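Not measured: the values here are computed from a predicted model. Basis for what follows: all heavy atoms, side chains included, without hydrogens, waters or symmetry-related copies. By convention in this document, chain letters (A, B, ...) are assigned in the order of the sequence lines, proteins followed by strands, and residues within each chain are numbered from 1.
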Protein chains: 2
Amino acid sequence: MRQKINSPINFERRARIIKAMAHPSRLAMLHALADGEKCVCDLREIVGADVSTVSKHLLVMKRAGLVADRKDGLWVHYRLRVPCVLDFMTCVEAVLDESREKACCKIG
Amino acid sequence: MRQKINSPINFERRARIIKAMAHPSRLAMLHALADGEKCVCDLREIVGADVSTVSKHLLVMKRAGLVADRKDGLWVHYRLRVPCVLDFMTCVEAVLDESREKACCKIG
DNA sequence: ATACTATTTGGTACTATAGCCAAATAGTCG
DNA sequence: CGACTATTTGGCTATAGTACCAAATAGTAT
């Protein structure tokens with residue numbers, strides 16, 4: 001049975017997913033995964049943090065359902081599970097643009 | 001001059017916006033604002049928290065550029081500034097669906 | 001000015017998140 | 001097995017976010 005769109009429980013579930021994206025390093029990783037899966041070591045280089053930190057970030061995103069992993073020998077490869085999350089960035093940029101407009105160019 | 005799409009500073013800016021959405025009450029408010037502006041008192045009823053809490057949530061979203069406010073006598077009306085943020089919910093639901101599928105119906 | 005209403009701000013207690021180091025686990029290769 | 005590499009986990013500290021109450025602010029109306 002489907003939840004009502006505006007039931008509190010639904011907002012909690014959605015917030016968990018959105019929260020899992022709400023970190024610069026995690027956004028950078030999602031962006032990097034756009035062109036295919038990457039091992040933790042690759043992602044570590046991209047975000048430039050301790051491997052353990054990166055691993056924990058990935059766990060957060062995995063639990064949220066944003067990424068999936070695949071073990072291959074010593075390496076664990078992560079991949080985007082629902083690529084549409086990246087499309088959202090266009091809208092996020094629109095928020096930034098709108099803010100810039102209001103901050104610098106509006107008269108009165 | 002435009003920032004490179006994957007510059008660290010850009011991920012920070014985007015994370016700030018996404019973080020401002022990453023709370024059940026704030027999502028509920030954004031959803032409620034879809035059909036036009038609402039006063040703080042309306043939003044308070046919708047989320048069922050202390051007015052001061054609601055006010056602080058709104059400040060977070062205002063600073064992020066998600067909502068704008070307009071004073072009218074005693075009331076302050078908030079409105080969505082960039083409605084496309086709500087379109088993202090379709091994708092968030094896809095993440096939830098994908099998770100449900102993997103959890104319950106996949107064989108092997 | 002006083003009484004009243006809507007909203008914001010300050011303070012504080014509580015919980016959650018992030019980062020790093022060190023240690024544990026898992027797999028490869030000689 | 002022992003040495004080595006990739007990743008995860010545990011533990012700790014620092015920082016950030018949340019919620020409520022109480023007090024301050026702002027506007028209306030008498």
Length of the line joining [X]:[atom1] and [N]:[atom2], which is rounded to integer Å:
X: B:Arg26; N: D:dA19; atom1: CZ; atom2: C1'; result: 12 Å
X: A:Leu59; N: D:dT9; atom1: CG; atom2: C1'; result: 10 Å
X: A:Arg63; N: D:dT8; atom1: CZ; atom2: P; result: 12 Å
X: A:Met61; N: C:dT17; atom1: CE; atom2: P; result: 15 Å
X: B:Met21; N: D:dT18; atom1: CE; atom2: P; result: 14 Å
X: A:Asp50; N: C:dA23; atom1: CG; atom2: C1'; result: 13 Å
X: A:Tyr78; N: D:dA6; atom1: OH; atom2: P; result: 15 Å
X: B:His57; N: D:dG17; atom1: NE2; atom2: C1'; result: 9 Å

*asked:* Looking only at the side chain of A:Ser52 (C-beta and beyond, no hydrogens), which of the listed nucleotides C:dA18, C:dT8, C:dA22 gets closest?
replied: C:dA22

Who pairs with [X] by salt bridge (charged side-chain N to carboxylate O under 4.0 Å, His left out), at least two apart in sequence or on another chain?
X: A:Asp35; value: A:Lys38
X: B:Glu12; value: none
X: A:Arg14; value: B:Glu93
X: A:Glu37; value: A:Arg70

_Which atom of A:Gly65 lies closest to which atom of A:Val82, heavy atoms considered_ = O-CG2, 4.3 Å

*Ignoring hydrogens and angles, tell me if any N or O in the side chain of A:Arg44 forms a donor-acceptor pair with the backbone of A:Val54 under 3.5 Å.*
no

*Would you say the side-chain atoms of A:Arg26 pair up with the backbone N or O of A:Lys19, donor to acceptor, closer than 3.5 Å?*
yes

*Give the ring-plane orientation class for A:His57 versus A:His23, where under 30° counts as parallel, over 60° as perpendicular and anything between as tilted.*
tilted

I'd like to check the side-chain hydrogen bond (donor to acceptor under 3.5 Å, both in side chains) partners of [X]; sequence neighbours left out, ordered by chain and number.
X: A:Asp50; result: A:Ser52
X: A:Lys62; result: A:Asp69
X: B:His77; result: none

*Please list residues of residues 29-39 of chain B whose heavy atoms come under 4.0 Å from any atom in DNA chain D, ordered by number; otherwise none.*
none

_Expected output is a numbered-order residue list: members of residues 40-48 of chain A with a heavy atom under 4.0 Å from any atom of DNA chain D. What is it?_
A:Val40, A:Cys41

_Any A:Thr53 side-chain nitrogen or oxygen under 4.0 Å from OP1 or OP2 of C:dG19_ = no

*asked:* So, does A:His23 get its side chain near the phosphate of C:dG19, meaning an N or O under 4.0 Å from OP1 or OP2?
replied: yes

_Is it the case that atom CZ in A:Arg63 sees more than 12 heavy atoms from other parts of the structure closer than 6.0 Å?_
no

Look for any protein N or O under 3.5 Å of an N or O in nucleotides 11-16 of chain C and output each such pair with its distance, or none.
unit_1 : atom_1 : unit_2  : atom_2 : d
C:dG11 : O6     : B:Lys56 : NZ     : 2.6

Protein-nucleotides 28-30 of chain D N/O pairs under 3.5 Å:
none

*asked:* Return whichever of B:Trp75 or A:Ala49 has its heavy-atom-nearest nucleotide of DNA chain C closer to the 5' end.
replied: B:Trp75

_Apply the hydrophobic cluster definition, ILVMFWY joined by side-chain contacts under 4.5 Å directly or through others, and give me every member besides B:Leu74._
B:Trp75

*Does any donor atom in the side chain of B:Ser99 or A:Arg81 lie under 3.5 Å from an acceptor atom in the other side chain?*
yes

